[in-house]
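Counting begins at 1 with the first residue of the sequence. Read the numbers this way: they start at 1 and go in the same order the structure lists the ligands and their atoms. These numbers come from a predicted model, not from an experiment.
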Amino acid sequence: MKNYIQLKSLNTFSIDVCAKHVVTVHNECALLKFWKKADNKGQPVLILGDGSNILFLENYIGTILLNRIKGIFITENKMTWRIHVGAGEKWHELVTYTINKNIPGLENLAYIPGYVGAAPIQNIGAYGVELSQICEYVDVIDLYNEKKIRFFHAECNFQYRDSIFRNCLKKYAIVSVGLKLNKKWKPVLDYHELIHLNKNRVTPRQVFNFINIIRRKKLPDPMSVGNAGSFFKNPVVDINIARCLFQIYPNMPYYSQKDGKIKLLAGWLIERCHLKGCVFGEAAIYSKQSLVLINRRKIATGTEIAALALFIYNQVADKFNVYLQPEVRLIGNYGEISPKKLFI
Ligand code: FAD
Ligand code: EPU
């Protein structure tokens, strides 16, 4: 479209769409200024980090604000390190920075793409650790009344791939995040692929390096293959539903949750539908991880990827009576589209 800005390099799915305006902001004043400018004209605004958890379905008729508010400030006392981080710092660079400074605690979350500002939104998690375990507060700007608000941990309502922010992104811009790391470091090695490491001898850097090896084996690098990590969340079901499934599929893997519910593995469900590695035009299911949808040659459209997601959703529902929910956020002409519109 004439005078529109290309977004292909601003989303890890590498979907070739455009937006009316793209503005990079480096401080809170600029963020608010450009948000108001667009809002006054009645234009929609989307705040983006790395675009690693979104799928553009079509061109965006509004302003994209790239949040690049920087800054890492560390304070410490006898027991803890406290890190106040700008939303526009890259998450993995923060993890590397802390490891290099001999501040452990973030190593299991290494190599997750994206910026710090997006991390609380879906409570990023990997290999036995979630952001919620180390997040002390999240600072946001309430865009409508121009006030800065601090949400302390208890107010963030963190859950698996969820938080209070997930459904409030039209109202709040996340500008910084506060982390609290315990100086008494204990490695978290419960995840099945880390269990063989010696908890008495392993160092934070060894865990960090090992996470890199595991991730490279299963997750495609967005530089070469378009993707947004897991497309769906792992479904959490009631124990009675899980029991019925275990009778039919005794080898079905699962994790018991604290509230008595059962988390099933979406990758396993998709693989059991014989879909792993399947290619559907330019969209495909990754051959090493069926929860990851890929834009094979970076020429698929967002609707092709979404059509594949809908096909998977229906196959899993028909076979297991389990309804997958996307983790990736769907973006249309005017902003986010409710997954309910696609996955009925
Ligand atoms: P974006 O995709 O840019 O934005 C996501 C949403 O947040 C959008 O709705 C956007 O509008 C909103 N948003 C972003 N920043 C702000 C802000 N400052 N204020 C208000 N709203 C904002 N996730 C995991 O949890 N664990 C993993 O192990 C993991 N592995 C991945 C591996 C790969 C290869 C890829 C591609 C993705 C993976 N992800 C994983 C998903 C993704 O990296 C995370 O969700 C990440 O936090 C998204 O960050 P982002 O900056 O790219 O967010
Ligand atoms: N599985 C299969 N086939 C597959 C994929 C997985 O059978 O093709 C089963 C296996 O039993 C395997 C288990 O699922 O052992 C778990 O697989 P994996 O360790 O790859 O993790 P996941 O549950 O598929 C989740 C997160 C990832 C995160 C990893 C590691 C979600 C939706 N995804 O994937 O996060 O990196 O655990 O903790 O919770 C993301 O959110 O984008 C993401 C990549």
In terms of side-chain geometry, is the basic nitrogen of [X] or [Y] positioned less than 4.0 Å from the acidic oxygen of its partner?
X: Asp16; Y: Lys8; answer: no
X: Glu146; Y: Lys36; answer: yes
X: Lys276; Y: Glu271; answer: yes
X: Lys298; Y: Glu282; answer: no
X: Arg82; Y: Glu136; answer: yes

Quiz item: Do the rings of Phe246 and Tyr254 sit parallel, tilted or perpendicular, given the 30° and 60° boundaries?
Solution: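 If you compare the ring of Phe246 with that of Tyr254, the planes turn out tilted.
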Practice problem: Could you label the plane-to-plane angle of the Phe343 and Tyr313 rings as parallel, tilted or perpendicular, counting under 30° as parallel and over 60° as perpendicular? | Solution: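 Answer is tilted, since the angle falls between 30° and 60°.
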By number and element, which atoms of ligand 2 are closer than 4.0 Å to a non-hydrogen atom of [X]?
X: Glu271; result: 2 (C), 3 (N), 4 (C), 7 (O), 8 (O)
X: Pro253; result: 11 (O)
X: Lys233; result: 32 (C)
X: Ser290; result: 3 (N), 4 (C), 8 (O)
X: Ala126; result: 36 (O), 38 (O)
X: Arg215; result: 36 (O)
X: Tyr127; result: 30 (C), 38 (O)
X: Phe232; result: 32 (C)

Quiz item: Going by heavy atoms in the side chains, are Leu194 and Phe210 under 4.5 Å from each other?
Solution: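 Touching, per the 4.5 Å side-chain cut-off.
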So for ligand 1, is [X] a polar contact partner (N or O within less than 3.5 Å, distance only)?
X: Gly125; value: yes
X: Asn53; value: yes
X: Asn123; value: no

Pull out every atom of ligand 1 sitting under 4.0 Å from any heavy atom of [X], numbered as shown with elements.
X: Ala228; result: 35 (C), 36 (C), 37 (C)
X: Arg329; result: 6 (C), 8 (C), 9 (O)
X: Leu169; result: 7 (O), 9 (O), 12 (C), 20 (C), 21 (N)
X: Leu46; result: 11 (O)
X: Tyr172; result: 20 (C)
X: Gly114; result: 49 (O), 50 (P), 51 (O), 52 (O)

Protein residue, atom and distance nearest to [atom], heavy-atom basis:
atom: atom 17 (C) of ligand 1; result: Ile47 CG2, 3.7 Å
atom: atom 30 (N) of ligand 1; result: Arg215 NH2, 2.8 Å
atom: atom 36 (C) of ligand 1; result: Gly229 N, 3.4 Å
atom: atom 23 (N) of ligand 1; result: Gln122 NE2, 3.2 Å
atom: atom 47 (O) of ligand 1; result: Ile124 CG2, 3.3 Å
atom: atom 49 (O) of ligand 1; result: Ala118 CB, 3.3 Å
atom: atom 52 (O) of ligand 1; result: Ser52 OG, 2.6 Å
atom: atom 7 (O) of ligand 1; result: Ile121 CD1, 3.3 Å

Looking only at distances, can you tell me whether any N or O atom of [X], backbone or side chain, sits closer than 3.5 Å to an N or O atom of ligand 2?
X: Tyr255; value: no
X: Gln122; value: no
X: Lys288; value: no
X: Gln289; value: yes
X: Tyr160; value: yes

Quiz item: So does Lys218 have more than 12 non-hydrogen atoms from other groups sitting under 6.0 Å from NZ?
Solution: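 Result for NZ/Lys218: enclosed.
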Exercise. Please indicate whether Arg150 has more than 12 foreign heavy atoms, meaning atoms of other residues, nucleotides or ligands, lying under 6.0 Å from its CZ.
Key: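 Counting other residues, nucleotides and ligands, CZ of Arg150 exceeds 12 neighbours.
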Minimum distance, heavy atoms only, to [atom]: which one of [options] is it?
atom: atom 6 (C) of ligand 2; options: Gly267, Gly229, Gly125; value: Gly267
atom: atom 20 (C) of ligand 1; options: Val116, Leu31, Ile174, Val25; value: Ile174
atom: atom 33 (C) of ligand 1; options: Pro113, Gly49, Gly88, Gly51; value: Pro113
atom: atom 34 (C) of ligand 1; options: Leu48, Ile112, Asn227; value: Asn227

Quiz item: Relative to ligand 2, is Leu265 under 4.0 angstrom through side chain, backbone, both or neither, heavy atoms considered?
Solution: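 For Leu265, the contact with ligand 2 is made by the side chain alone.
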Quiz item: Under 4.0 Å from atom 12 (C) of ligand 2, do we find at least one protein heavy atom?
Solution: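 For atom 12 (C) of ligand 2 the answer is no, since every protein heavy atom stays at 4.0 Å or beyond.
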Exercise. Take atom 31 (C) of ligand 2 and look for protein heavy atoms under 4.0 Å from it; say yes if you find one, no if not.
Key: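 Yes, there is one.
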Quiz item: ring-ring contact (aromatic ring centres under 6.0 Å, His included) between Tyr249 and Phe320: does it pass, once the steps are laid out?
Solution: CA-CA 10 Å; Tyr249 306 100; Phe320 298 104; 5.0 Å; yes
Exercise. For Asn227 and Gly229, indicate whether the former's side chain and the latter's backbone hold a donor-acceptor pair under 3.5 Å.
Key: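 A pair under 3.5 Å: yes.
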Quiz item: With no hydrogens and no angle check, is any side-chain donor or acceptor of Asn77 less than 3.5 Å from a backbone partner on Thr80?
Solution: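 It does hold such a pair.
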Exercise. Measure centre to centre between the rings of Tyr111 and Trp91, then say whether the value is under 6.0 Å.
Key: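 When the ring centroids of Tyr111 and Trp91 are compared, they turn out to be at least 6.0 Å apart.
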Exercise. Check whether the ring centres of His92 and Tyr97 lie less than 6.0 Å apart, and answer yes or no.
Key: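 No, the ring of His92 stays outside the 6.0 Å limit from the ring of Tyr97, centre to centre.
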Axial cation check for [Y] ring with [X], 6.0 Å and 45° limits:
X: Arg215; Y: Tyr127; result: no
X: Lys263; Y: Tyr160; result: yes
X: Lys180; Y: Trp81; result: no

Quiz item: Does ligand 1 have an atom that lies less than 4.0 angstrom from a heavy atom of Pro220?
Solution: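 For ligand 1, residue contact (heavy atoms, under 4.0 Å) with Pro220 is present.
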Quiz prompt | Close approach of Tyr127 to ligand 1, heavy atoms, under 4.0 angstrom | solution =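 No, Tyr127 has no heavy atom closer than 4.0 Å to ligand 1.
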Quiz item: Out of Arg161, Gln133, Glu130, which residue meets the side chain to side chain donor-acceptor pair (under 3.5 Å) rule with Asn123?
Solution: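 Result: among Arg161, Gln133, Glu130, Glu130 is the only option passing the side chain to side chain donor-acceptor pair (under 3.5 Å) with Asn123.
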Quiz item: Under 4.0 angstrom from ligand 2, any heavy atom of Arg161?
Solution: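 Yes, Arg161 has a heavy atom closer than 4.0 Å to ligand 2.
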